[in-house]
Amino acid sequence: MRVGAKRQNEVLHKDVENWLTRAKNELKETQNLQDEIDRVKCFKWFPKWGWRYCLSKKLAAKTPIISKLLKTSNFEQVGYCGSLQGIEFITSTDSMDSESSKSAFNQIMEAIKVVNMIGLHGMPGVGKTTLAKEVGKHAREQKLFDKVVMFTMSQNPNIRTIQLKVAETFGSKIQIFTEEKRAEGLFRLMQGVKKILVIVDDLWEEFKLEDIGIPFGDDHKGCKILLTTRQQQVCSKMKCQKEIPLGILSKDEAWVLFRDQAGLEDDCSILNEVAKEVAGECKGLPLAIVTVAKALKDKSLDEWRDANQRFKDSTHLYDEVLGGVLEPLKLSYDFLKKGINQMTGNDIQMCFLLCSLFPEDEEISIEILILCGIGVGLFSNVYSIEDKRKKIVEALKKLQKSGLLLETNDAERIRMHDVFRDFAHWLTSTGENRFMVKDKLKEWPDMVESFECYTTIALWNCSSNIKFPDKVEFSKLKTLFLQGEKWDDKLVVSSTFFEEMKGLQVLYLKFVCFTLKGFHSLPNLKTLWCSECKAENLSSSLTNMRSLEILTLIWTQIDEISEELWKLSTLKYLRFSYFGVFNFPPKLVSRLTSLQELHMTSKNNINLLELNSLPRLTALSLRLSSNQFSQEDFEFPKLQRYDIVVDGCFVRFDEVLTTRRLSIGNFSSSLSAFKNLFCNVRELSLGQVSGLKNSVPSIGKKVLNELTSLALYSCNNMEFLTDIIKDQGSTVAFSNLVELDIQRMDSLKGLCYGLSLSHHAIASFTRLTAVIIQYCPKLKTIFSPCLAQSMLCIEEFYIRYCDGLEHVIGFAQEEEITKNDSRLCCCPKLRILEIEDCKSLKYVCPNSSTQELQSLESIKIFCCPKLTHIIKMEQNENEEDVVIPQNHCWPKLKTLWIVDCPIFSCFIVQAPVLEDLFLKNVGIIWKTDVPILNEDCIVVGNHEKIIWNDFAQIVTLDNLTTLILRDCKKLRYIFSPTTAHSLSHLTNITVANCGNLKSFFPFGSVPILPKLECLKVKRNSKLEQVFELEDELEVVAEEEMKFDQLRKLSLKELPSLIRFGPKGYHFVLSALEDLEVRDCPKLATSFSINSQEFVHCEAKESMANLISLQLGSSSELSCIWNGPNNCINLTTLKLSDCKKLRYIFSPTMARSLSHLMDLFIEGCEEIERLILAKDQISSPSSSNGDVGLQPISFPKLTKITITNCGNLKTLFPFGSVHVLPKLECLIVERNSKLEQVFELEDEVEVAAEAEIKFDKLKKLSLEELSSLIHFGPKGYHFVLSALEDLKVRDCPKLATGFFIDSQEFVHCKTKLFPNAIFNENIYWSRWGFRESELPHIT
């Protein structure tokens, strides 16, 4: 399931992902129990029956759990289309070369550095969106921001759609129904990302971005906003700090763009003179220039002259509406008819106008356009739906090529630019073919003129409060689109509303509740599309629509289908998608003899034999169960397109049926019913299909020749995909196969049976590009050498959990191996190779020339304990391995991961563009000499206990960005000095469990690692210092070394670490956000923050952007901050086992931590207070007139955990201002001297009972606090209205009591009152999982 979703760029829905996780865990536990039953014995022949009985009971308990999982596995959709990183920023360069665009671009990039909101304004068609996309593309490619997101507002923005798009960019799928809650979740999600660029395109009026959930300004200073708008005043209203105008092209720029788009030569021809005049009429607007140029491309001189004259004759009456774009667009629109017959030209124009009916910036379904186009009579000279479909698709492509329609990320949808939409609305505002299009309708339009003049009306997102008139005169109306606002608050329309629509041909309804009683008066209706509606009296009314050709009911609640439906003699297209089982009356389907397309994607009771009574059927979508194949003589008819699923739980039917796909699961009958489909099927999936020894010729000869995708799973009788000996036909199976996915095939031995050394090459699999093979235990080799030589197109290879696999390319039987020394030529296009958990794998492919695998970009190999080489070693005359390191040249390799391959041998890779290197538990030590390395080489393994050897002085790794080394036990050095200086792009380094490593990086006068962002060092037992001097240079004065890109530094469990860098050096870490130092008992380097907010290590270290600080096992640390500090960005502070730390914050420091969200303190035995009391401040300068003037508050602190601090007596002081307004979780455990959690700041006298509210606190835990007396001071009463979990344990002196009021709010008071619980253990939960009940007191 995951593989299928991944291949289709889908992200699994959360419920599907959760189901998969639960199922995997249950199956694993079940298998473990079964293994334990079989394993546990008293003696070798006598099992422990008592223990086995106990285990069997546990195993039996798993049965109902697994049964329940199976019952809940029928998901309608497995996943949703994942975002393609960066695809929204694929831009056209049509208008990016102008001086105006370049100037605006440069201004934007400069402004982004210093201001938070930038406005780009200009007239329609000038290229604002193109420029904004270019900014986003540049920002992403240059990694200027952590996230870049772009969305379109338009005149009537759909907030829900925008919120989901933004969330998807951040890798989240918000499962919340209310707009406000989604905004709140998105707000928090975006606050967790430091640097964000948000591009708001096509803003029409002032809008609060907080309503979407976008934080900026004081809420998120790292979030920058770029908005585009037609009107400069919108920039002013949005308080843009920088307003940038985008002007039109100059005359010369306009001509160059026009000439390129029209395909003209740069000469002085007569055609060019006319073309220059036409270009001038486009007024310097890129949109108009591109559109007109494409329309006139390849036209004759006379046609150019005609276009030029039409421009000159134009009165430009509507320039004020569309800013000079109108006449160029009118010209392009009229030219749609040129060169083709009048009828076809009109049809193409009508396709364009139909697209304008949809909401602004909508991604329009091509299927809806096709079916509505058929309804309005497009291409009336073509009879079949199949041919009409092709014509309409051709028309849409012509509109795209003409620049009048835009592509989207989804091939099944198109989009219309808002300027073209406005133009179409202008075209249809007068004349006989008048359109009305309205969005976000709150009340029925109060029309001055009659509705009678309109032929087409589209009303979108209509409020359910609209009162529709009973009758309206719609005598000319041919097309009606009507959509409610919400699926759960449907628009209600009476039957009489439709009575005066006698000419109606197309009716599209969504989120509408209606009755069909009035539908008998729609004699001309051809297309009826209902999506997520509720329809009454469907059966009795449909039969009166004798002209109906298209009937689509998607997730629409209807009555039972009547057998009278057969009277629809003109019905050509029928689509049903429903939640439950759809029951057809017997013999109904067979009587719909005009049917050309049937799409039944719900479970149903169709008698398959009825399909053979439909002579015109060309397209079929059908969900079936295996018990519907009871008739042995049934065969599917020949079809042009189909999507048929048999017993498939996780199947997603496409909205537009464009392929031939067949999925058969849990099938034990003969496959003869699919005989006609096997001849032209393109995508085939077989799961748990029994009786197949191979797919060819078992399925039949001369089949599967058009197959492009094959998925096989759990076909446990299958040994090979094809048997060459038995299949002696003239055609070759799998000759067009592109994707192959094989999983859980217990008997599979190989792909082709019967191949021998005499076969130099075969035609099968010649187009194969992607292979996935998992859980095939009997597979010893995947491709024989002769088969591999035919696979010249393969690009991606994924192999997992094949325990018997010994080599990917090789001979399955020992007797097949000969002393043939000829080298193989295989997989020249292979880009990605991933192998995981193949216990017997020895090598990937046999001896090959050094020119092999030249296209490799990524190698990832995990957990292959017998792997010695990627390419098999050379052998001597005695067939013994020649033990020398291998030298491979992979010029495109960017990623190399070798993990947990303990006997993997040393080899040398020439990889000049390597970016990501991860080695863990790899390699053995060779005793032979290594030849001199060539430039850009990497030595992988542990040869001479070094990765890049010192003698390789010319090695450069300029592109390396990520280095991960784990479990390299004998590694002593990583880089030579020369190599270290070449690592100019290295950003991420992780080194763990390398027990012999003493230092990492040598450096001298030249700075190293200028782009380092993350350094993690863990469990390297002999490591003494991270950085060491090159050649032991003498340091005369203190040297400063800057790492101004380093954001995260983690030093953990390093018992020998003494210094971060050599003596006399002082490191400035100005960008550091996350610092973690733990279990480094010998560390003499100190970390501190100076008044400039920089983190320093050694004497004075500085961090301006520190967000997370984690310090642990520091026996000498007595204070964290020295002097006044303003570390305003800190969000996380974690301290553990800092034995001499006396306090955490000074009052001044506490007041500056306004962004602190998570505080964790453990094992800091000397701490008495978290915040130093004023009378403990020794330095008079530290007050600065500030101490005591402002109350202490932590406005964003949400989680506090304090444990094992033996001297701590109190946590927080408070006074007139609530100290913790956002606190959600408070855990206080095992602090033996703690007397009260909260104390008064200045011993303020409480005249009357004071109330303190913690209305965000959800969890409170007080455990093992032997000295705790009060939760808060006397006279204070705490209201915990949001509390969900309360735990109080082993607090014998506690005098604070807890109770619940009539509103179910939890209270706690120090003052005694009846029935409250004191010094008793409390385990209480609002959701019922409780051992204690709190008393109710009013």
Side-chain angles (χ1 to χ4, degrees), residues 1 3-4 27-28 30-31 34-35 38 626 646-648 662-672 674 678 684-701 703-704 707 709-727 733-734 737 739-756 762 764-765 768 771-784 786-788 791 797-816 835-842 864 866:
M1 191 194 312
V3 172
L27 289 172
K28 184 177 180 180
T30 302
Q31 186 60 52
Q34 184 62 60
D35 293 344
D38 295 338
S626 54
V646 182
D647 275 348
L662 180 58
S663 177
I664 306 172
N666 193 25
F667 203 79
S668 57
S669 305
S670 168
L671 295 175
S672 60
F674 307 96
F678 285 141
L684 176 62
S685 174
L686 301 175
Q688 294 179 295
V689 176
S690 59
L692 290 179
K693 282 279 186 179
N694 47 61
S695 57
V696 179
S698 295
I699 287 176
K701 295 185 178 181
V703 296
L704 307 182
L707 194 66
S709 175
L710 175 62
L712 302 170
Y713 61 95
S714 300
C715 297
N716 291 331
N717 299 120
M718 188 176 293
E719 296 180 351
F720 297 91
L721 264 66
T722 181
D723 186 336
I724 289 180
I725 296 175
K726 294 181 180 179
D727 182 22
F734 307 122
L737 191 66
E739 297 179 352
L740 177 62
D741 187 349
I742 302 175
Q743 300 189 40
R744 300 189 182 278
M745 303 279 280
D746 291 346
S747 301
L748 191 71
K749 297 179 180 178
L751 299 187
C752 295
Y753 178 74
L755 277 180
S756 66
I762 63 170
S764 295
F765 307 109
L768 193 62
V771 178
I772 300 172
I773 299 179
Q774 299 186 115
Y775 298 101
C776 298
K778 292 187 178 180
L779 199 60
K780 287 190 174 182
T781 188
I782 298 174
F783 304 115
S784 66
C786 52
L787 179 59
M791 298 171 54
F797 217 143
Y798 306 92
I799 309 165
R800 300 183 181 97
Y801 310 109
C802 297
D803 288 346
L805 188 70
E806 295 181 1
H807 25 70
V808 177
I809 299 173
F811 297 96
Q813 304 297 330
E814 289 296 327
E815 58 268 19
E816 295 177 354
I835 304 175
E836 182 177 358
D837 255 312
C838 295
K839 306 298 185 187
S840 304
L841 186 70
K842 297 177 182 177
C864 297
K866 294 186 178 180

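Note that the coordinates shown come from a computational prediction; the quantities given were computed from them, not determined experimentally. All values below come from the heavy atoms of this structure, side chains included, with hydrogens, waters and symmetry mates left out.
- The shortest heavy-atom contact between Lys778 and Ser747 is CD-CA, 4.1 Å.
- The side chain to side chain contact (heavy atoms under 4.5 Å, CB included) search around Ser672 returns Ser670, not counting sequence neighbours.
- Applying the side-chain hydrogen bond (donor to acceptor under 3.5 Å, both in side chains) test to Ser626 and every residue at least two apart in sequence or in another chain returns Asp647.
- The two residues Leu748 and Leu721 come nearest to each other via the heavy atoms CD1-CD1, 4.2 Å.
- Between Phe734 and Thr722, the shortest heavy-atom contact is CE1-CB, 4.1 Å.
- Of the inter-residue distances, the one linking Asp803 atom CG with Leu779 atom CG reads 11.5 Å to the nearest 0.5 angstrom.
- In terms of heavy-atom proximity, Ile835 sits nearest to Val808 at CD1-CG2, 4.2 Å.
- One finds the NZ atom of Lys780 at 8.5 Å from the NE2 atom of His807 (value rounded to the nearest 0.5 Å).
- Between Ile742 atom CD1 and Cys776 atom SG the span is 6.0 Å, to the nearest 0.5 Å.
- In plain terms, the two heavy atoms of Leu686 and Cys715 that are nearest each other are O-SG, 3.6 Å.
- Each of Arg744, Gln774, Glu836 was evaluated against Tyr801; a single residue qualifies, Glu836, per the side chain to side chain donor-acceptor pair (under 3.5 Å) test.
- Qualifying side chain to side chain contact (heavy atoms under 4.5 Å, CB included) partners for Phe674, counting only residues two or more places apart in sequence or in other chains: Phe629, Phe636, Val646, Leu662, Ile664, Phe667, Leu671, Leu677, Phe678.
- In this structure, the side-chain hydrogen bond (donor to acceptor under 3.5 Å, both in side chains) partners of Lys839, at least two apart in sequence or on a different chain, are Asp837.
- Looking at residues two or more places apart in sequence or on another chain, you find no side-chain hydrogen bond (donor to acceptor under 3.5 Å, both in side chains) involving Ser840.
- Between Tyr713 and Gly665 the shortest heavy-atom distance is OH-CA, 4.4 Å.
- To the nearest 0.5 Å, the span separating CD on Glu719 from NZ on Lys749 amounts to 4.5 Å.
- Applying the side chain to side chain contact (heavy atoms under 4.5 Å, CB included) criterion to Asp746, with sequence neighbours excluded, gives Asn716, Pro777.
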